[in-house]
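See below for the structure under consideration.
These numbers were taken from a predicted model, which means no experiment stands behind them.
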Amino acid sequence: MLNRLEMLRLFCAAADASSFKEAAARLGTSPQAITRAVKELEEAMGEVLFHRNTRGIQITEFGTQLAEHAREMVTGVDKLFHHTNPLSDTNLEGLVRITAPSPIGRRHLLKLLLPLIRQYPGIKLELGVTNLLADVVDKKIDIGVRIGPLRDSRLVARSVGKVSFFVVATPELVATRGKPTTPQDLLGLPTTALMDGNTGRIWPWYFADSQPLTLASPTLVSDDPEVECDAVLAGIGYGQLSNHQAEPHIRSGRLVTVLDDYQPVPWDLYVYRPQRGPVPARIRLVFDRIVDILSDPNTFAGPP
């Protein structure tokens, strides 16, 4: 027995043709398949759908009414599957939820995703700028950006670059308070610190071939890297900043690096998404665009 959708599809073709042979030719099937579908549908409906004679077929009044409803149903199902076809550019529409650390989300992603939004006005972005670790499943996140290791095996991740960290300060602060020669020297100097919003603890500073340094009494603590960067630029203290934040200011001379011999191993920068079935075209498009953006060294080479 044919499934009901295929039965209706063959019946609609017959209703629009002058013969079962013509209907079969349109669908690339056999006249026998059309005949069988019509017969099964007549048995299921308990009504005759076509009058048959030697000159051809003539649809009945009941068949005409049924064909009108059947066409709507078949067309609706076809549109449903056409809409979710990942290969169709016309289906690039809908919401894409993104989460990214504040320095990357605010300074780079928003600006560089604008051309994509203009090109595909059907795509809507929800950009969460946060330094918290979000549960991608519970929060229904489609794409995430993260600095450092990923510990969730449910994620599909692409490493798109490396993030270096520098200990920096203003030239004026270094001239006034002195230049540290070892990480331990920082304990006697004014510093800034970043709070881990997931734990409420201060992030330690990392150095090459040494234990992480936990700051006992920083001058300023913030849970936002942008705020910490502004504090360092204001001369409040020494800070350990990512290259995305620090390098533009180092090039301009507003900040100088110290403890270069102790610079830690760079961390990976990841773009990731949940591993859950087929990927809609809009999410794949935005994911690939973010990978391109963050893989491009020029993204982070501009002014702060």
Side-chain angles (χ1 to χ4, degrees), residues 99-112 127-133 145-148 161-208 210 212-267 269 294 297-304:
T99 181
S102 57
I104 293 176
R106 290 175 184 169
R107 294 188 181 185
H108 306 293
L109 282 190
L110 177 60
K111 177 178 65 175
L112 295 175
L127 178 57
V129 179
T130 177
N131 301 297
L132 299 177
L133 295 179
V145 178
R146 176 164 170 77
I147 300 170
K162 298 289 184 180
V163 178
S164 301
F165 294 91
F166 302 98
V167 178
V168 293
T170 61
E172 296 79 12
L173 182 64
V174 174
T176 302
R177 298 302 302 267
K179 185 176 183 178
T181 58
T182 69
Q184 293 299 318
D185 292 343
L186 292 167
L187 297 177
L189 296 171
T191 55
T192 64
L194 188 65
M195 179 182 293
D196 184 348
N198 299 285
T199 64
R201 300 175 181 175
I202 293 176
W203 277 100
W205 289 14
Y206 293 89
F207 297 95
S210 65
L213 178 68
T214 300
L215 303 174
S217 183
T219 304
L220 178 136
V221 178
S222 175
D223 63 353
D224 189 337
E226 296 288 276
V227 173
E228 184 187 19
C229 182
D230 289 343
V232 174
L233 288 168
I236 289 177
Y238 291 81
Q240 189 174 54
L241 306 181
S242 71
N243 60 299
H244 301 151
Q245 296 173 284
E247 284 181 343
H249 302 298
I250 295 171
R251 290 194 297 268
S252 70
R254 297 184 65 190
L255 295 177
V256 295
T257 63
V258 298
L259 300 174
D260 294 344
D261 292 339
Y262 293 89
Q263 188 177 340
V265 175
W267 288 14
L269 175 62
L294 299 184
N298 294 324
T299 295
F300 305 105

With [X] via side chain to side chain donor-acceptor pair (under 3.5 Å) - residues at least two apart:
| X | value |
| --- | --- |
| Lys179 | none |
| Thr257 | Asp260 |
| Arg177 | none |
| Thr170 | none |

Just to verify, what does [X] make a side-chain contact (heavy atoms from CB on, under 4.5 Å) with, not counting sequence neighbours?
| X | answer |
| --- | --- |
| Ser217 | none |
| Ala231 | Thr192, Leu220, Ile236 |
| Glu247 | Phe166, Asn243, Arg251 |
| Val265 | none |

Can you tell me how far the [atom1] atom of [X] sits from the [atom2] atom of [Y], to the nearest 0.5 Å?
| X | Y | atom1 | atom2 | result |
| --- | --- | --- | --- | --- |
| Tyr262 | Gln240 | OH | CD | 14.0 Å |
| Leu187 | Leu215 | CG | CG | 7.0 Å |
| Leu186 | Thr181 | CG | OG1 | 9.5 Å |
| Phe165 | Ile147 | CZ | CD1 | 5.5 Å |
| Asp261 | Leu259 | CG | CG | 8.5 Å |
| Asp224 | Leu194 | CG | CG | 8.0 Å |

Atom of [X], atom of [Y] and distance for their closest heavy-atom approach:
| X | Y | value |
| --- | --- | --- |
| Leu213 | Pro183 | CD2-O, 3.4 Å |
| Pro266 | Lys162 | CB-CB, 3.9 Å |
| Ser242 | Val163 | CB-CG1, 3.8 Å |
| Gly253 | Pro171 | O-CG, 3.6 Å |
| Gly178 | Leu189 | O-CD1, 4.4 Å |

Determine which pairs satisfy ring pair (Phe, Tyr, Trp, His ring centres under 6.0 Å) with at least one residue from residues 224-245, sequence neighbours left out, and list them in order.
His244-Phe300

Keeping to residues at least two apart or across chains, list the salt bridge (Lys or Arg N to Asp or Glu O under 4.0 Å) pairs with something in residues 225-246.
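Counting only pairs at least two positions apart or across chains, the salt bridge (Lys or Arg N to Asp or Glu O under 4.0 Å) contacts touching residues 225-246 are Arg107-Glu226.
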
Going through the checks in order, is the side chain to side chain contact (heavy atoms under 4.5 Å, CB included) test met by Leu255 and Leu233?
CA-CA 7 Å; Leu255 295 177; Leu233 288 168; 3.7 Å; yes

Would Leu109 and Val129 satisfy side chain to side chain contact (heavy atoms under 4.5 Å, CB included), going step by step from the backbone distance to the final call?
CA-CA 10 Å; Leu109 282 190; Val129 179; over 6 Å; no

Checking Glu172 side chain against Gly235 main chain: does a donor-acceptor pair fall under 3.5 Å?
no

Below 4.5 Å, heavy atoms only, C-beta onward: do Ile202 and Thr214 meet side chain to side chain?
no

Just do the side chain to side chain contact (heavy atoms under 4.5 Å, CB included) check on Val168 and His249 with the steps written out, would you?
CA-CA 10 Å; Val168 293; His249 302 298; over 6 Å; no

What residues form a ring-ring contact (aromatic ring centres under 6.0 Å, His included) with Tyr206, not counting sequence neighbours?
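Partners of Tyr206 under the ring-ring contact (aromatic ring centres under 6.0 Å, His included) test: Trp267.
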
